[in-house]
**Student:** 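Could you have a look at this structure, given as structure tokens, before my questions?
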Amino acid sequence: MDDLRLSVLGPMQVRRGAAQLRTGGPQQQAMLAVLLLRRGLAVGAGELAEAIWGDEPPGTATGIIRTYAWRWRRVLEDGERPQVLATGGDGYRLDLPTSAVDVFRAEEAAACAERASTDGETAQARDLLDAALAFWRGEPLAGIPGPFADRWRRLLADRRLALLEERIALDLALGGHRRCVPELTELAAAHPLRERVHLLLMRALAQAGRTADALAAFRTVRRTLVGELGIGPGAELESEHRRILAGGSVAAAPSQPAVRAPAPRAAAAPVPRRPAAAVLPVPGQLPPDTSDFVGRETLVMALGEALVSPVNGSPAIVSVAGMGGVGKTTLALHVAHQVRRFFPDGQLYADLRGEGPDGGRPAAVLANFLTALGIAPEAVPDGAEDRSALLRSLLADRRLLLVLENADEAASVRPLLPGTAGSAVLLTSRTGAASSLATLHTDLELFTPEEALGLLGRVIGPERLAAERPAALGLVSACGHLPLAVRIVAARLAARPAWTVASMNDRLAVEVRRIDELRIGDLAVEAAFALGYRQLSVDQARAFRLVAAVPGPDIGLNAAAAVLAVGRDDAEDLLESLVDVRMVESLRIGRYRYHDLLRSFAQRTSRRTDPGEAAAARQRLLGFLTATGYEAFRQGCPGDEIDRVFARPSAAGLSFADRVAAQAWVSAESGTAVALAHRIGTEPPDGEGADPDHRERLNDAVDLLVMLSPFELGPHRGPLTEAVDALAEAAVRRGDARAEGRARFLRGNIALDLHRLSEARRQTRLAAAASRAAGDTAILRQVLNDGGLVAQYLADYEEADALYGEAVELARRLGHRAGEVATRVNVALARVYGGRAEEGAAVCREVLADLARGLPGGPAEEGPGRAYAMYVLGLALHTLGDHPEAAEWFGRSMALASGLGLEVRAAQSRYRLADSLRAAGRLRQAVEHAEAALAACEDLGAERDQAHALLALGRALAELGEEGRARACLLRARALFTGLGLPVDAHHADLVAGLVAARTA
């Protein structure tokens, strides 16, 4: 990945080393542009579709995007390194260092130039800006369609012009006017309304001794501004004009640091300037800018652009909303100082939360504004309405910037707004309530890891950061990338040079103390959060505390309703109101999550408010999850005698129409269920602090995970392993054979899925012993089946037959027809792999005939077994050389599995279908199916299946004569097979090695 280079500052280019890679068509490039410029963030399929096609994406947009993703993976990844294009939610994200992308390398060079300029290193700053500008190779994102690319083209073009202006200003400060005059003359012609360009041209001409030309340049821009916009030149141009007239030296005119906000465009401030005779005070109320501001370059540009660009004759109103501590004030003041020069009549500032009885009320703020603008206190009108009217009159012919913090109510903001386009307003708020008034609204996000590290390095010093970079990454992660938290830990480290970054990290590792550690002086994360908490109603505050008691990444509405002991609609109202005030996040409809630090704050507040409420909330959640898991298991294993496996739940839960609906619920809530089970497994079982109900809760937690085991759990496999281990250890400590057997059954199942065969064999044997001791025959049957699979993978077909045989007998005794069917098909599969394909085919035909007579649960019970039997029958026939009939059975298995939502089985059937089609001579169809299967396996994260899909694709491509692509597929397949190290796949690895050698020869 280190040798990948992607460029968007011109036509899109992707290079690996010296090789230029294919970028596909314009819309495929548009997808990558979105992922690149979102800088490592996941972008959902809907957002990608809107970015590429606008408001009217095609009906097949999601499928097209998946195809683009598959194509980009083929371009960006070589099969031997970490994944570059990762799946995130229902979309994708790019895992690339910023050094791989030209736009971010250009920004880094510009940031270094700004620091050098601030430190007085003018020549170095000029060279760095030259380096930044060198990344532009033409029009950014050239030829790429869609509203996202259009917007970024404008931003990046403005950014280049701002950097170019600053580089020229530095050249002039270094005496390079001869180089600059031709360049500025061309720029002035191209940008007749951009005052900074004309100012620099006048300065260059004056330095060159061409005073008359400099004055003529001023007359030209003045005529243009008056003729086009009806306004005179700005204060800087006027000042430069006076200095040239006075014959003052401009050779050493100071250069401003690199300007991050763009100059106004032609639409800026179409308002006549106030006559010079009407001199009023020029307020400068802005609090100071932050000296160590880092990151958010693109957002600073966009906000600055919006503030200096009125819309349809109305004042520009820009709104920034976000959670406490996310840096709203820091950003707003930084932007305000960047654009201050465009508002020569002054800047007004107010905190609408205010101090004292009247501090933030509109009437009091208006009075302060009016006196700052020269109105005598005794002349300020009494009523808020009259004061508002007077403020609008004073602002009508002036250009002022108003910064209003904590604008959480639109009603408090309206009286403070100017009525004409000369002035602009910058609002900050937690709620975004005033966003309806804004011409541009943005929700401020957390820092990226690089931005957080940038702030840490600015405060503690780059050498100290570089010496402990891995620890620093952990530190900013522990801060949740919240700017306030990062600033606090940075300040504490700066104040204590003897502390290491790792030691600060250790202090934050104890979650219950993390909030205490995040304070220094008058800065405290807890204070920022408490400010928002105090504004909540009683019901909101209770919901904020209780939902935070739920472990896991997020929570759905039904689960939240159980936690809160309210109806679904009431739960939604409460949680949405918390989203409105930025105390909770909602990234998808109906799902909610906390920032890690806000969760810690909520849990601490809960312990202080009612020490028992969190445990009671988790118990309600466990009851809901087990009741709903019970119904899901009924759909996932319809042939099981469910009451033999689980006790009937006493709590209320959801029910499901079919397996697909149950899978959807499991996919959504498995993270919460796994995290809750892990917490229960780590609770103290005995002694002080022990809960007498822990044994029952332990068994409920184990049962919950067993209920979920027939389903795909998505990205929660790692946490599931930790949870199951904790439950098994807790069961052993309690001497609970039933809970131990079920937990070890799950552990063996996980190890089997991960192809860790020695661990799987150990756990299944322990599970069998515990289940026999507990008389838990329902679980014992499944454990024996899994033990057979382990033996089969280890090519020990004799042991597999014995274990399968006992599992079949138990299934018949239990009346578990679906389990019997699955194990009989496993017997057939073992015989196919053991060189007895004819026997395997006969077993599959017998199973399919039995299924044709029906199982008690009907199609829902028959479907998974039927799809599996068709699949294994296809394998047997393919092994026997009957490729056309094998292809027919694989196709039927794929169609049935897809309809049942069995994505893994459908993908397996598809790549087997591809290989049978290849063997039957239908090569183009084989390639199409193999490519589709590979994309599905990559999305599922199934490495072994990816290897098989790559093998099928490579063989088909080779027979088509596409040697290069074939060899690349086979190399990836070989790497995967070798990495898995499964004895049963040894012949595949040998086959691939032979094919690779043939392709190389």
Side-chain angles (χ1 to χ4, degrees), residues 1 4-16 19-77 83-107 135-160 297-299 301-302 305 440 442 445 448 587 931-932 935 938-939:
M1 193 160 63
L4 270 179
R5 288 290 183 268
L6 297 93
S7 305
V8 294
L9 296 175
M12 179 175 282
Q13 287 185 356
V14 180
R15 291 181 176 274
R16 177 173 283 113
Q20 184 163 328
L21 308 181
R22 293 179 298 176
T23 57
Q27 290 176 339
Q28 182 175 322
Q29 294 178 26
M31 175 188 175
L32 189 69
V34 177
L35 298 174
L36 276 175
L37 294 170
R38 289 298 300 273
R39 208 167 180 168
L41 297 177
V43 184
E47 187 177 350
L48 283 170
E50 183 180 351
I52 298 170
W53 290 286
D55 294 334
E56 297 183 359
T60 57
T62 300
I64 295 172
I65 288 169
R66 286 188 62 165
T67 299
Y68 291 162
W70 173 74
R71 290 176 181 170
W72 277 122
R73 284 193 177 115
R74 290 172 58 194
V75 171
L76 298 174
E77 298 169 9
Q83 192 176 43
V84 176
L85 180 57
T87 302
D90 70 337
Y92 303 91
R93 65 177 176 82
L94 274 176
D95 186 8
L96 282 170
T98 54
S99 59
V101 186
D102 60 351
V103 66
F104 301 136
R105 295 174 71 193
E107 282 300 334
F135 284 101
W136 270 265
R137 299 173 292 103
E139 181 184 50
L141 301 166
I144 296 180
F148 181 90
D150 288 342
R151 184 166 64 253
W152 271 87
R153 252 190 299 275
R154 292 192 298 271
L155 285 171
L156 293 171
D158 283 346
R159 181 63 172 144
R160 178 185 179 278
E297 292 92 348
T298 303
L299 184 56
M301 289 171 58
E305 166 91 12
L440 174 67
T442 187
E445 297 179 351
T448 65
L587 300 186
E931 288 178 336
E938 287 173 340
D939 284 345

**Student:** Please check this pair: side chain of Q29 against backbone of G24, looking for a donor-acceptor N/O pair closer than 3.5 Å.
**Tutor:** yes
**Student:** According to side chain to side chain donor-acceptor pair (under 3.5 Å), who are the partners of E445, at least two apart in sequence or on a separate chain?
**Tutor:** none
**Student:** Is the closest basic N to carboxylate O distance between R159 and E107 below 4.0 Å?
**Tutor:** yes
**Student:** Checking R38 now: which residues fulfil side chain to side chain donor-acceptor pair (under 3.5 Å) with it, not counting sequence neighbours?
**Tutor:** E47
**Student:** Could you tell me whether R66 and D939 have a side-chain N and a carboxylate O separated by less than 4.0 Å?
**Tutor:** yes
**Student:** Distance from S7 atom OG to L36 atom CG, nearest 0.5 Å?
**Tutor:** 9.5 Å
**Student:** Please name all residues satisfying salt bridge (charged side-chain N to carboxylate O under 4.0 Å, His left out) with R105, sequence neighbours left out, ordered by chain then number.
**Tutor:** none
**Student:** Judged by atom type as modelled, is there a donor-acceptor pair below 3.5 Å linking the side chain of E77 to the main-chain atoms of V84?
**Tutor:** yes
**Student:** Quick one: list whatever passes salt bridge (charged side-chain N to carboxylate O under 4.0 Å, His left out) with D150, sequence neighbours left out.
**Tutor:** R153
**Student:** Applying side chain to side chain donor-acceptor pair (under 3.5 Å), can you list everything that pairs with E139, at least two apart in sequence or on another chain?
**Tutor:** none
**Student:** For the CG atom of L156 and the CG atom of L37, what is their distance to the nearest 0.5 Å?
**Tutor:** 6.5 Å
**Student:** Specify the closest pair of heavy atoms between R137 and V8, including all atoms of both residues, with the distance to one decimal.
**Tutor:** NH2-N, 4.4 Å
**Student:** Taking the side chain as every heavy atom from C-beta outward, state whether Q27 and P145 have any atom pair closer than 4.5 Å.
**Tutor:** yes
**Student:** Only counting residues at least two apart or in another chain, list the ones meeting side-chain contact (heavy atoms from CB on, under 4.5 Å) with A61.
**Tutor:** A49, W53, P57, P58
**Student:** I'd like to check the side-chain contact (heavy atoms from CB on, under 4.5 Å) partners of T448; sequence neighbours left out, ordered by chain and number.
**Tutor:** E450, E451
**Student:** Run the side-chain contact (heavy atoms from CB on, under 4.5 Å) test against E931 and tell me which residues pass, sequence neighbours left out.
**Tutor:** W70, R74, V927, L953, R965
**Student:** Using the test side chain to side chain donor-acceptor pair (under 3.5 Å), find all partners of E938 that sit at least two apart in sequence or belong to another chain.
**Tutor:** R972
**Student:** Just by distance, do the side chain of R16 and the backbone of L21 share a donor-acceptor pair under 3.5 Å?
**Tutor:** no
**Student:** Please check if the side chain of R73 supplies one atom and the backbone of L85 the other of a donor-acceptor pair under 3.5 Å.
**Tutor:** yes
